[in-house]
Amino acid sequence: MERTHEQVLKAMRENLGEGLPQAIPLLAEKAPGLLLEHGRSWSYAMPEKGALDEGTRTLILLGIALATGSESCVRAMSHRAKRLGIPKEALLETLKIARQAQANAVLGHATPLLEVL
């Protein structure tokens, strides 16, 4: 059964609580079809019965959001993690991993510089 954009918005509000990005209700109002597509993409990437548990998927998404600088996604996944009861230590470890991923990227991009030194 196909969901409506109102149902998608309601599910996102329940899922993310205070972390719901401001763009989402605006999207529901201005481009409901795009919100539906975003909801389908979420369900595809974050299936209820996937190989990874909900907490692990949330931490992965949080780490990617941290590494890519998506403040609204960091806020959303932080609230989701809190709702799921993910411990502070796991959140801090995710931050450390994201930081290391960024450091690795900088070193990887430095190859041309290092070659001329």
Side-chain angles (χ1 to χ4, degrees):
M1 181 176 105
E2 197 69 22
R3 296 191 303 173
T4 66
H5 74 278
E6 291 94 351
Q7 290 169 320
V8 170
L9 179 59
K10 182 179 183 230
M12 291 180 87
R13 280 193 168 121
E14 290 169 358
N15 186 23
L16 301 174
E18 294 175 33
L20 183 73
Q22 292 177 344
I24 298 300
L26 290 171
L27 199 58
E29 176 187 331
K30 311 230 182 233
L34 188 52
L35 180 63
L36 283 171
E37 184 56 37
H38 189 68
R40 278 192 290 273
S41 294
W42 176 273
S43 295
Y44 179 75
M46 306 277 279
E48 285 186 34
K49 300 201 188 279
L52 300 173
D53 64 78
E54 192 174 4
T56 301
R57 290 191 307 266
T58 299
L59 291 174
I60 290 169
L61 190 49
L62 175 61
I64 292 168
L66 286 163
T68 60
S70 176
E71 185 177 333
S72 63
C73 192
V74 169
R75 184 174 291 110
M77 290 304 102
S78 296
H79 282 276
R80 180 178 164 88
K82 183 178 179 181
R83 182 182 63 76
L84 292 173
I86 295 174
K88 172 184 168 182
E89 296 78 17
L91 297 171
L92 290 174
E93 189 170 331
T94 301
L95 173 61
K96 292 174 188 175
I97 292 167
R99 180 185 169 277
Q100 187 60 45
Q102 282 298 85
N104 291 345
V106 169
L107 290 178
H109 296 317
T111 300
L113 168 65
L114 296 171
E115 289 175 342
V116 300
L117 293 180

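Note that these values count all heavy atoms, side chains included, but never hydrogens, waters or copies made by symmetry. By convention here, the first residue in the shown sequence is residue 1.
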Minimal non-hydrogen separation, [X] against [Y], with atom names:
| X | Y | result |
| --- | --- | --- |
| A98 | L66 | CB-CB, 3.8 Å |
| R3 | A11 | NH1-CB, 3.9 Å |
| T56 | L52 | CG2-CD2, 4.2 Å |

Can you confirm whether more than 12 heavy atoms, excluding those of [X], are under 6.0 Å from its [atom1] atom?
| X | atom1 | answer |
| --- | --- | --- |
| R40 | CZ | yes |
| E18 | CD | no |
| H79 | NE2 | yes |

Inspect the contact between E14 and K10 and indicate whether a charged nitrogen and a carboxylate oxygen are less than 4.0 angstrom apart. yes

State which residues pass side chain to side chain contact (heavy atoms under 4.5 Å, CB included) with [X]; sequence neighbours excluded, sorted by chain then number.
| X | value |
| --- | --- |
| R13 | L9, L20, P25 |
| L114 | A110, L117 |
| H5 | A28, P32, L35, L36 |
| Q100 | A103, N104 |

Let me have the donor-acceptor pairs involving side chains of residues 81-89, under 3.5 Å, with sequence neighbours excluded, atom names and distances please.
| unit_1 | atom_1 | unit_2 | atom_2 | d |
| --- | --- | --- | --- | --- |
| R83 | NE | N15 | O | 3.0 |
| R83 | NH2 | N15 | OD1 | 2.7 |

Treating Ile, Leu, Val, Met, Phe, Trp and Tyr as nodes and any side-chain heavy-atom pair under 4.5 angstrom as an edge, say whether L16 and L61 lie in one connected cluster. yes

Could you give the distance from CG (L59) to CD (E93), rounded to the nearest 0.5 Å? 9.0 Å

Between OG1 of T94 and CE of M77, what distance do you get to the nearest 0.5 Å? 12.5 Å

Does some side-chain heavy atom of L91 sit less than 4.5 Å from a side-chain heavy atom of L95? no

Would you list the atom pairs, donor with acceptor, under 3.5 Å between side chains in residues 41-51 and any protein atom, with sequence neighbours excluded?
| unit_1 | atom_1 | unit_2 | atom_2 | d |
| --- | --- | --- | --- | --- |
| S41 | OG | E37 | O | 3.2 |
| S43 | OG | G39 | O | 3.2 |

